[in-house]
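A short worksheet on the structure shown next.
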Amino acid sequence: MADRYVRVKTSQGKVYYGLLELNQSIKLLNTAPWLGGEPNGELLAPDTYQLLAPCEPSKIVAVGKNYSAHAAEMGGEVPKEPIIFLKPTTTIIAPEAEIAIPPQSKRVEYEGELALVIGSHCFNVTPNQAIAAIWGYTIANDVTARDLQRSDSQWTRGKGFDTFCPLGPWIVREISPTAMLQTFVNDTKKPFQATSIEEMVFSPDYIVSYISQIMTLLPGDIILTGTPEGVGPMQEGDRIYIEIEGIGKLHNTVILRSPLPSDDETEESEIND
């Protein structure tokens with residue numbers, strides 16, 4: 001099995017990067033692995049830690065309509081060059097954490113995606129140079145308020161709510177170019193999304209090169225490479241499983257976010273406190 005790089009919080013509240021062992025213990029590293037982190041000799045026993053999102057990026061850059069069939073299901077054509085947008089880092093949540101549907105939206109959808117982890121300072125590089133800048137791979141859910149995405153002239157609101165980027169459960173260094181990406185909802189046996197990542201319109205190295213000609217990518221940054229066809233709505237209580245061959249499975253549940261409190265409710269809460 002490939003090495004699985006994780007980020008964890010201990011029962012004492014300390015956060016570490018580490019290597020997940022087969023027995024579920026964690027071999028701790030002295031810093032992020034893409035910064036040259038090495039084992040520090042400490043080991044966390046199973047059940048003494050919580051898995052976090054596997055990195056803390058300075059930014060999340062995402063690519064839209066990067067699978068032909070998904071572009072068609074969205075009613076559009078394959079773009080001539082990558083369509084990129086940013087998701088706030090506050091969208092990131094850990095494996096097993098809850099995706100919160102905001103009251104502003106009537107249709108929030110899952111989008112299973114392969115995520116790239118950048119390992120080095122990267123600016124204005126060629127696709128060939130970009131290969132070396134991709135340190136590893138993980139799984140993301142580019143959660144989208146579809147109704148808001150369609151009504152707005154840009155995608156920031158529809159893509160940017162807190163909890164709209166589940167990430168994890170860990171990072172691997174290599175992945176097969178033909179790996180399957182599948183998304184399951186609840187206990188369905190048949191996946192709602194099932195596509196090989198080789199079906200991408202723009203390859204990971206091309207995407208990294210393209211983005212680097214616009215903005216500097218920093219170690220730990222995340223790039224979402226687009227979702228295949230089969231996106232669909234999520235409801236309160238749903239369990240979303242996104243699986244990528246050679247990485248693992250990202251699991252999150254869905255809840256409803258509380259509506260905005262009234263000024264009277266806020267004042268009453270402050271008095272009771």
Side-chain angles (χ1 to χ4, degrees), residues 1-8 17-20 24 32-34 50-57 59-64 66-67 70 87-89 91-99 108-119 134-144 159 163-186 188 191-200 202-204 207-208 220-232 234 238-254:
M1 177 179 287
D3 286 341
R4 297 172 292 175
Y5 292 86
V6 295
R7 183 169 152 266
V8 298
Y17 287 95
L19 275 167
L20 180 62
Q24 303 303 303
W34 45 89
Q50 172 191 351
L51 275 183
L52 302 176
C55 61
E56 293 183 287
K59 55 188 167 293
I60 307 164
V61 189
V63 181
N66 198 28
Y67 289 81
H70 174 62
K87 288 176 78 82
T89 55
T91 58
I92 293 175
I93 58 173
E96 309 292 337
E98 295 171 327
I99 301 166
V108 174
E109 298 186 351
Y110 56 80
E111 292 190 7
E113 306 199 8
L114 174 69
L116 314 178
V117 182
I118 299 299
I134 301 171
W135 191 88
Y137 306 87
T138 188
I139 305 170
N141 186 350
D142 178 19
V143 180
T144 304
K159 300 279 192 176
T163 76
F164 271 26
C165 189
L167 197 67
W170 42 70
I171 299 167
V172 300
R173 295 299 311 274
E174 297 180 353
I175 189 171
S176 168
T178 61
M180 287 294 296
L181 184 160
Q182 299 182 94
T183 301
F184 300 85
V185 179
N186 299 322
T188 56
F192 287 83
Q193 294 182 290
T195 304
S196 168
I197 62 172
E198 70 177 338
E199 297 297 321
M200 288 183 194
F202 302 105
S203 63
I207 291 168
V208 172
D221 280 352
I222 290 291
I223 296 176
L224 309 187
T225 58
T227 196
E229 70 172 325
V231 300
M234 302 185 297
D238 281 347
R239 303 182 306 280
I240 311 300
Y241 302 87
I242 300 170
E243 185 172 4
I244 298 182
E245 184 181 4
I247 301 179
K249 185 180 292 185
L250 175 65
H251 169 228
N252 299 90
T253 54
V254 181

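Numbers here simply count residues along the sequence, with the first being 1.
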_Applying side-chain contact (heavy atoms from CB on, under 4.5 Å) to V8 and L51, what does each step give before you reach the verdict?_
CA-CA 5 Å; V8 298; L51 275 183; 3.8 Å; yes

*Quick one: do L114 and I175 satisfy side-chain contact (heavy atoms from CB on, under 4.5 Å)? Show the steps, please.*
CA-CA 10 Å; L114 174 69; I175 189 171; 3.9 Å; yes

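- Side-chain contact check for T163 versus I93: some heavy-atom pair is nearer than 4.5 Å.
- Under the side chain to side chain donor-acceptor pair (under 3.5 Å) criterion, T178 pairs with S176, not counting sequence neighbours.
- Inter-residue side-chain proximity for L181 and E243 is flagged as unmet; no heavy-atom pair is nearer than 4.5 Å.
- The side-chain contact (heavy atoms from CB on, under 4.5 Å) test with P166 is passed by exactly one of V143, T91, I139, I240: V143.
- Put simply, the side chain of L116 reaches to within 4.5 Å of the side chain of P204, judged on heavy atoms.
- In this structure, K87 NZ and F164 CZ are separated by 7.5 Å, a value rounded to the nearest 0.5 Å.
- In this structure, M180 and S196 have side chains that are in contact, with non-hydrogen atoms separated by less than 4.5 Å.
- The environment of CD in E199 is crowded: more than 12 heavy-atom neighbours from other residues, nucleotides or ligands sit within 6.0 Å.
- For the atom pair CD (E56) and CG (D221), the distance works out to 12.0 Å, reported to the nearest 0.5 Å.
- Within the model, atoms CD1 of I118 and CH2 of W34 stand 11.0 Å from one another, a figure rounded to the nearest 0.5 Å.
- Residues Q182 and P191 come closest through the heavy atom pair OE1-CG, 3.4 Å.
- Note that CD of E111 is 11.5 Å distant from OH of Y67, once rounded to the nearest 0.5 Å.
- At least one side-chain heavy atom of I60 sits less than 4.5 Å from a side-chain heavy atom of C165.
- Put simply, the side chain of N141 reaches to within 4.5 Å of the side chain of I99, judged on heavy atoms.
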*Can I222 and V117 be said to form a side-chain contact (heavy atoms from CB on, under 4.5 Å), step by step?*
CA-CA 5 Å; I222 290 291; V117 182; 3.7 Å; yes

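- Ring centroids of W170 and Y137 are separated by 6.0 Å or more, keeping the two rings apart.
- By the salt bridge (charged side-chain N to carboxylate O under 4.0 Å, His left out) test, E229 pairs with no residue at all, sequence neighbours left out.
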*CA sep, side-chain torsions, deciding dist, call: W135, R173, side-chain contact (heavy atoms from CB on, under 4.5 Å)*: CA-CA 6 Å; W135 191 88; R173 295 299 311 274; 3.2 Å; yes

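- Applying the side chain to side chain donor-acceptor pair (under 3.5 Å) test to N252 and every residue at least two apart in sequence or in another chain returns nothing.
- A140 and L224 make their closest contact through CB-CD2, 3.5 Å (heavy atoms, listed as atom of the first residue, atom of the second, distance).
- The side chain to side chain donor-acceptor pair (under 3.5 Å) search around R239 returns D187, Y241, not counting sequence neighbours.
- At least one side-chain heavy atom of C55 sits less than 4.5 Å from a side-chain heavy atom of L167.
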*Q193 vs T183, side chain to side chain donor-acceptor pair (under 3.5 Å): CA-CA, chis, key distance, verdict*: CA-CA 5 Å; Q193 294 182 290; T183 301; 2.7 Å; yes

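- Annotation for T138 and P54: closest pair OG1-CG, 4.0 Å, computed over non-hydrogen atoms.
- Considering only heavy atoms from C-beta on, T227 stays 4.5 Å or farther from T144 through its side chain.
- Residues passing the side chain to side chain donor-acceptor pair (under 3.5 Å) test with E98, sequence neighbours excluded: none.
- Here the CD atom belonging to E96 is positioned 8.5 Å from the CG atom belonging to L250, to the nearest 0.5 angstrom.
- The minimum heavy-atom distance between G112 and P228, with the atom names listed, is O-CD, 3.5 Å.
- For D3, the side chain to side chain contact (heavy atoms under 4.5 Å, CB included) test picks out Y5, L19, with sequence neighbours left out.
- Contact detail for P169 and P95: the closest heavy-atom pair is CA-CG, 3.4 Å.
- For the atom pair CG of L52 and OH of Y17, the computed distance is 9.5 Å after rounding to the nearest 0.5 Å.
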